[in-house]
Structures are given as structure tokens and as C-alpha cells.
Amino acid sequence: MKNLRQKSRRLTVALGVNGLLARCCLFEFVKRVAPLGFAALLLFGHTAGAANSGGLPATLLASVKKADAAYRSLPASIATYNLAVRELCAAMELQEPRLFASKLKELGVLFDPPKVGLPMRHVQVVEPSPASNGAQVGVPMLIGYETKDAPLYPPEGLFVDVTAVYDRIRGQPRFSILYNGSYILLKRRIYPLASNHNAAGDYLKLRAKRFAASGFAGMIRPFSALRKPQIYLLDPYDPHKIPLLMVHGLQSTPVGFAGLVNALRNDPEIRTKYQIWQFYYASGTPILLNAVELRDSLNETLNALDPRNHNAATKRIVVLGHSMGGVISHTLVSSSQDLLWRSVFRVPPDRLKGDSDVIRELERSLIFRRDPRVVRVVFMSAPHRGSPLADSFVGFVGNSITRLERMSERGYSQLAKENPEAMTPESAIFYRGRFSAVRTLSPKDSALIALSELPIEVPYHSVIGQRYPGPKERGSDGVVPYWSSHLDGAESELIVRSGHEVFAKPEAVREIIRILRLEQSLSTGSTRRHSASHRSNTPAIAITS
């Protein structure tokens with residue numbers, strides 16, 4: 001009996017020691033995994049023990065059940081439905097999109113995102129626009145896509161405004177992210193979609209702050225600009241939508257159009273029928289060389305998007321050019337023949353003396369043909385005949401501080417020195433010394449004046465700023481006078497009380513929308529093509545069980 005008690009004591013002590021060791025080990029284990037457990041708590045709202053039998057977070061399952069119940073109760077409470085969908089959106093915000101889609105699949109829920117063809121990298125719930133009302137369904141979101149392997153889109157990313165909804169299709173639950181729709185059919189009833197069409201533009205503007213601030217540097221040091229000249233697509237490419245190509249002016253970047261982009265996206269008809277493209281170029285280079293970059297970039301973009309030339313989108317382009325952007329856009333809709341060349345030279349290119357590369361580049365800038373894929377153009381505060389500021393002290397300083405590549409900076413003046421008798425008298429004087437975009441905006445530039453006189457082979461419109469009241473003929477936006485912006489033969493001309501940034505004025509925005517609607521209405525073939533596109537982009541009809 002005594003031996004038995006001793007053995008029992010030894011066993012108790014051993015168990016106590018082992019228990020202490022076990023508790024120490026457990027404490028160490030908890031200490032090491034606590035951060036992971038806390039992260040899981042934040043992500044799922046429950047500990048691992050609260051997960052369902054399939055290993056999925058109970059909160060996601062609960063959110064799906066809540067959304068399904070709210071969907072089944074429609075139209076009783078749209079507010080309850082929207083709150084339930086917002087819970088699913090919040091869960092999507094907290095994890096990588098592919099992981100979220102995988103978890104939905106395990107729950108038997110279809111995930112239907114936009115068919116963009118780029119990796120989804122950014123998901124954010126945004127508030128509905130101020131004009132929203134209680135009859136709208138869904139949750140507005142901002143979706144961002146990775147563009148490092150898609151150079152036609154901004155390097156900051158492609159961002160789109162979407163709406164998330166929950167429904168059932170053939171009895172199966174579905175969580176959809178809808179792009180470009182305005183209405184949806186849920187349980188045989190049509191509902192307007194809640195939306196925010198400013199979010200994508202605002203977010204891109206925020207990410208492009210450094211780029212937006214590079215306009216002045218791009219003017220005075222164009223050879224060292226942040227990026228090369230090219231066209232960027234601000235919307236996912238649609239082979240049926242009409243491209244609206246925006247071209248900025250001197251000392252600017254495409255980010256300057258951010259407010260206009262938002263305004264256009266908030267118009268349902270424009271949003272569903274047009275896609276927005278923007279051309280960037282370092283604006284300090286002489287005007288006609290910038291025009292060469294625009295023409296080359298448009299060709300490269302269209303060849304990349306539609307190499308077989310089958311798409312409706314690549315055959316019907318509307319161009320909007322502001323300031324110097326309007327001047328270089330003129331070269332897309334006119335054929336120069338030899339008129340610009342003869343405004344500068346008396347002899348053909350092969351009779352000029354000098355650097356053959358310079359002569360070849362000059363020939364490309366002065367001799368061009370219209371692009372038949374551009375069907376309409378809107379000129380905004382465009383200095384077709386130059387700006388007096390180019391010949392002022394401000395223009396002298398601007399020209400003096402601009403540094404160009406060697407060929408542009410010295411090549412043309414050297415060519416003028418070597419061919420004085422081959423040039424027109426005015427050009428022989430004008431092309432002496434250094435010159436930049438500022439210099440070539442002078443009303444004394446014979447090539448610029450010749451360009452302004454070229455017939456425009458498509459319908460065109462002018463939107464002109466006038467800073468102070470008075471006769472329009474004596475008006476000016478502070479940079480470009482009316483006599484320079486006005487073009488005879490325009491389908492419409494609107495004078496807006498404005499400075500040079502006329503495109504930011506509500507009256508100008510309304511005029512742009514009117515012109516875009518006009519262009520769409522004039523092409524029944526384009527309307528039919530759009531109808532097919534609209535059906536493909538409209539939210540799918542939900543068929544309930």
C-alpha cells in the first residue's frame with residue numbers, strides 16, 4: 001500500500017510537470033500564431049472554429065444567405081437588399097479578387113465580373129451619386145485593373161465604375177459586377193441601378209498626380225518627358241463603341257480633361273455609345289512635329305486594336321482638340337497636298353541641301369493626307385492662326401527656355417541657313433534661330449497659316465472662349481483671340497464666357513454632348529451596331545426558380 005501511494009505521488013508530480021510543460025508550449029504556440037489569428041478575425045469576422053464544414057468563413061456564408069433572402073423578398077425592401085449586397089462587397093474588398101471568387105464558387109455562388117481581360121487588382125465600395133434615390137438597386141463600386149502588360153491603357157491602371165448586384169439565374173445564386181448598365185431585371189421587374197460615374201475618373205486623377213504636374217516640364221524639356229507620345233484608352237476597348245479622342249494643348253496633359261471625362265460619363269447615352277481615348281505628347285516640340293506624333297500614334301493604336309480592320313469602332317472616330325491640340329488635330333481631317341510645303345519652300349524636298357534626316361522629317365510634317373477613320377472634329381479655343389502671345393515677351397521667354405532634341409532645335413534653322421534662296425522670303429526670316437512649339441504658334445509662321453486654310457473634309461465645330469463681354473470679333477479667351485479660333489464653314493460655333501480652359505465650362509460640356517449625340521444619330525448603321533453592343537453590356541436578365 002505504501003509503495004502504491006509513492007507511485008501515485010510520483011505520477012502526480014510527473015503529470016504536473018508535463019502539464020506545466022504543455023501549458024508553456026501552448027502559450028508559446030498562441031503567442032506565435034496570435035497575429036495570424038487576429039488577421040483572420042479581421043478578414044472573416046470569426047475564428048477558425050466558427051467556419052463551416054467546408055472550411056469557408058461563416059460570415060461569407062451568412063452574407064450570401066442574407067443577400068439571397070433579401071433578393072427573394074423583392075420588391076418589399078430595396079434598402080434591405082442593398083445592405084445585404086453591400087456586405088458581400090465589403091467581403092470582396094478585404095481579399096484578393098481571385099480568392100474571393102474561389103470562395104463564392106465553393107459556396108455554389110456564381111461570380112460574374114466584367115469581361116475586361118486584365119487582372120483585377122483594386123476593389124473599392126463607393127457611395128452612390130448625389131442624384132441617387134431609394135428606387136435604385138445594387139452597390140456602386142470602383143474596379144481597378146493591372147495594366148503593366150497592357151500598354152494601351154494608362155500605366156496608373158484602368159479604372160471602371162461598376163455596380164454590384166445579387167440575383168439568381170436558373171435557380172443558381174449569382175454575384176455580379178455590372179459595367180456600363182443602367183437598368184437590371186430582377187424577378188421580372190426592372191430596376192434602375194445605383195451608380196457613381198465619377199469614381200473611376202477621380203481615382204485615376206489621384207494616381208496620376210505626378211503625371212498631371214509634368215505639363216510644364218513636357219513643354220520646356222520634351223525630350224526628357226515622363227513617357228513617350230501615345231494614345232491611352234480610358235475605358236475597356238469595345239469594338240462597337242465610337243472612340244472620342246481627346247487631344248490636350250500646350251503645357252498640359254490628358255489629366256486636364258478629368259472633369260470633362262466625368263461629365264461625359266454621367267450622361268447615359270454618351271456613356272453607352274462612346275469610349276474615351278486620350279493622346280499624350282510632350283507639347284514643347286514644334287506644332288507640326290507633334291501632329292506627326294498624333295498621326296503615328298493613331299495608326300499604331302488602331303493597328304494594335306483591330307489588325308484586320310473589322311471593328312466598327314476603328315472606322316468612326318470623333319476628335320476633340322483643345323488649344324494646340326485642336327491645331328494638330330486639323331492634320332487628321334485635311335490633306336496638305338503641297339500647300340504647306342510651298343508655304344515654306346520654293347523647291348521640292350529632293351532639291352534641298354542639308355541633313356537628309358532633317359529633310360525627311362520636315363517632309364513628313366508638311367506633307368500628309370487626312371485620316372478617313374476620323375469622321376468629326378470639335379475645336380476648342382484652337383489658335384488656328386496663332387496667338388499674339390507667341391510674339392510677346394512671354395513667348396520669347398517660353399521659346400528661350402525650351403530645350404529640344406538636337407535635330408529639332410538646330411536642324412531646321414541650319415536647313416534655313418543652307419537653303420536661303422530655296423525658301424519663301426517670310427519663312428527664310430521666321431526659321432532663323434531656335435524655335436519650339438511656342439515659336440510655331442506665332443501668327444507669322446507661314447506653315448501654320450497655310451494649315452488653317454486647308455479644307456476640312458469632315459463636319460467640324462468650334463467652341464470658343466471669350467473672357468469679357470463685347471463683340472465676338474474683338475473677343476479673346478486671354479490666350480487665343482476670336483479671329484484665330486474662328487473657322488468659316490463650321491457646322492456650329494459656340495461662344496462661351498470663359499478663359500482659355502473653355503472645356504471646363506458647363507455650357508461647353510452641354511455643347512460637346514449635343515455634338516456627340518448628333519454624330520451618333522446620323523449613322524443608322526452605327527446605331528444598329530451599338531444596339532448589339534448595348535445588349536452585350538447590359539446586365540444579364542435574372543431568371544428565378
Side-chain angles (χ1 to χ4, degrees), residues 250 283-292 323-324 326-328 330-331 334-369 382-456 476 479-488:
L250 183 68
S283 62
T285 306
I287 288 178
L288 290 173
L289 293 184
N290 286 328
V292 171
S323 191
M324 191 170 74
V327 178
I328 68 176
H330 193 157
T331 70
S334 296
S335 297
S336 68
Q337 302 180 50
D338 65 347
L339 297 177
L340 265 67
W341 183 268
R342 287 194 291 109
S343 73
V344 180
F345 296 103
R346 295 174 171 179
V347 300
D350 58 6
R351 290 181 55 187
L352 289 180
K353 296 179 290 185
D355 189 313
S356 59
D357 289 336
V358 175
I359 295 172
R360 191 178 304 112
E361 188 174 14
L362 190 61
E363 187 176 0
R364 288 190 70 211
S365 68
L366 293 173
I367 300 176
F368 49 85
R369 298 180 64 183
H384 297 290
R385 300 174 187 85
S387 169
L389 281 178
D391 292 331
S392 69
F393 177 74
V394 173
F396 171 79
V397 172
N399 187 56
S400 299
I401 64 176
T402 300
R403 294 292 178 268
L404 305 174
E405 292 179 339
R406 188 175 183 279
M407 182 182 293
S408 299
E409 188 161 347
R410 298 297 178 189
Y412 300 130
S413 58
Q414 183 62 34
L415 199 65
K417 288 181 181 178
E418 295 179 17
N419 298 272
E421 296 184 0
M423 302 184 73
T424 62
E426 300 84 0
S427 296
I429 296 172
F430 183 76
Y431 284 98
R432 290 174 184 170
R434 299 181 60 259
F435 71 104
S436 63
V438 175
R439 175 70 170 149
T440 55
L441 278 170
S442 167
K444 298 176 183 177
D445 185 349
S446 57
L448 179 67
I449 301 305
L451 173 61
S452 71
E453 295 171 352
L454 290 182
I456 298 174
S476 171
V479 176
V480 181
Y482 174 81
W483 56 258
S484 181
S485 287
H486 170 77
L487 288 177
D488 291 335

>> Working to the nearest 0.5 angstrom, can you tell me the gap between R351 CZ and I359 CD1?
In response: 12.5 Å
> How about S335 and R369: do any of their side-chain heavy atoms sit closer than 4.5 Å?
Replying inline: yes
>> Could you measure the distance from the CD atom of E453 to the CG atom of L340? Nearest 0.5 Å is fine.
In response: 9.5 Å
> Judged by atom type as modelled, is there a donor-acceptor pair below 3.5 Å linking the side chain of W341 to the main-chain atoms of V347?
Replying inline: yes
>> side-chain contact (heavy atoms from CB on, under 4.5 Å) for I287 and L441? Distances and angles first, verdict last.
In response: CA-CA 7 Å; I287 288 178; L441 278 170; 3.2 Å; yes
>> Can you confirm whether L288 sits close enough to L366 that some side-chain heavy atom of one is under 4.5 Å from a side-chain heavy atom of the other?
In response: yes
>> Which residues pass the side chain to side chain donor-acceptor pair (under 3.5 Å) test with D350, not counting sequence neighbours?
In response: none
>> Looking at every heavy atom in both L415 and F345, which two are closest together, and how far apart are they?
In response: CD2-CZ, 4.2 Å
> Does S323 use its side chain to pair, donor to acceptor, with the backbone of L250 at less than 3.5 Å?
Replying inline: no
> Any sub-3.5 Å donor-acceptor pair from R385's side-chain atoms to S452's backbone N or O?
Replying inline: no
> Is any side-chain heavy atom of P388 closer than 4.5 Å to a side-chain heavy atom of P481?
Replying inline: yes
> Okay, side chain of R439, backbone of P286: is any donor-acceptor separation there less than 3.5 Å?
Replying inline: no
>> Taking V479's backbone N and O only, do any of them form a donor-acceptor pair with S387's side chain (distance below 3.5 Å, no angle check)?
In response: yes
>> To the closest 0.5 Å, what do you measure between CG (D445) and CD (E426)?
In response: 11.5 Å
>> Minimum heavy-atom separation for L487 and H384, please, with both atom names.
In response: CD1-NE2, 3.4 Å
> Got a donor-acceptor contact below 3.5 angstrom from the S365 side chain to the L289 backbone?
Replying inline: no
> Of the non-hydrogen atoms in R360 and D357, which two are nearest, and what is the gap between them?
Replying inline: NH1-OD1, 2.8 Å
> Going by heavy atoms in the side chains, are F368 and L454 under 4.5 Å from each other?
Replying inline: yes
> A382 and G326: which non-hydrogen atoms are nearest, and at how many Å?
Replying inline: CB-CA, 4.1 Å
> Side chains of P425 and R346: closer than 4.5 Å at any heavy-atom pair?
Replying inline: yes
> Looking at L339 and R342, what are the two nearest heavy atoms and their distance?
Replying inline: CD2-NH2, 3.2 Å
> Do any N or O atoms from the side chain of S446 and from the backbone of S343 form a donor-acceptor pair under 3.5 angstrom?
Replying inline: yes
> Between T440 (side chain) and A437 (backbone), is there a donor-acceptor pair under 3.5 Å?
Replying inline: yes
>> Restricting to non-hydrogen atoms, name the atom on T331 and the atom on A291 that form the minimum distance, rounded to 0.1 Å.
In response: OG1-CB, 3.6 Å
